[in-house]
Amino acid sequence: MSARRKRRLFFALWPDAEVRNGLASAAAAVRKHGSGRSVPDENLHITLAFLGSVDEELLDCVRSAAEQVNAGAFALTIDRAGWWKRTGILWLGPSAGPAALNRLVKSLWAALEPCGFWPDFRDFHPHVTIARRWRKARLPEIRPVHWPIDALMLLESHTGQRGARYTLLERWPLIR
Ligand code: ATP
Ligand code: MG
């Protein structure tokens, strides 16, 4: 009997080139004020739902869940840096988490339930991780990044030699 293939999957907001540039320069400005392990610019994203190691047989279910998401496009402004002491994570995020983003995540987890995933949006704190094992020095103000959100992405995470690498598997436009 052959082992069934598992894939490490997560849904995310994946920035286009322009937004990624904005996030990358804000991240660089913040990281001048401390030390830790930087996240490469090409990895910057916001995780919406982490699925973990998923049996390949569930992929169709996950894909149709994404199709059922009932949420429209909205705008996100990334305007602050933050630091979580316990996890050592340095991040960028919105100071006002838009209700539309919470609705999107709720709708996504609800759609994923029939596939056997349990929602964990209770502690959903939208953020872009920009460094790990961060020792805080100072958190400067950042130049706000305007991020028009119009799609939901499914990504696969691979363990590369220099940390995680992500592959974009599919993209669903947010239309309602
Ligand atoms: P690495 O683990 O190699 O340092 P990474 O955390 O970016 O890199 P993954 O662990 O594959 O790579 O995670 C993919 C995404 O899912 C990241 O945004 C990560 O923060 C998030 N994530 C990982 N584990 C969890 C979890 N248990 N709960 C919520 N989100 C998670
Ligand atoms: Mg991880």
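Counting convention: from 1, in listed order, for ligands and their atoms alike. Just so you know, residue 1 is the first one in the sequence shown, and it goes up from there.
Here Leu51 contributes atom CG and Leu112 contributes atom CG; the two are 5.5 Å apart, rounded to the nearest 0.5 Å.
For the residue pair Leu44 and Pro15, the shortest heavy atom distance occurs at O-CD, 3.2 Å.
Protein residues having at least one heavy atom under 4.0 Å from any atom of ligand 1 are Arg8, Phe10, Arg37, His45, Thr47, Phe50, Arg132, Ser157, Ala164, Tyr166, listed by chain and number.
A donor and an acceptor atom, one from each side chain of Asn70 and Ser107, are nowhere located under 3.5 Å apart.
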Checklist entry - When you look at Ser35 and Arg135, which way does the side chain to side chain donor-acceptor pair (under 3.5 Å) test go after all the steps? => result CA-CA 6 Å; Ser35 65; Arg135 273 168 299 149; 3.2 Å; yes

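We find that Arg7 and Glu56 are joined by a salt bridge, their nearest charged nitrogen and carboxylate oxygen being less than 4.0 Å apart.
Atom CD of Gln68 has more than 12 heavy atoms from other residues, nucleotides or ligands within 6.0 Å.
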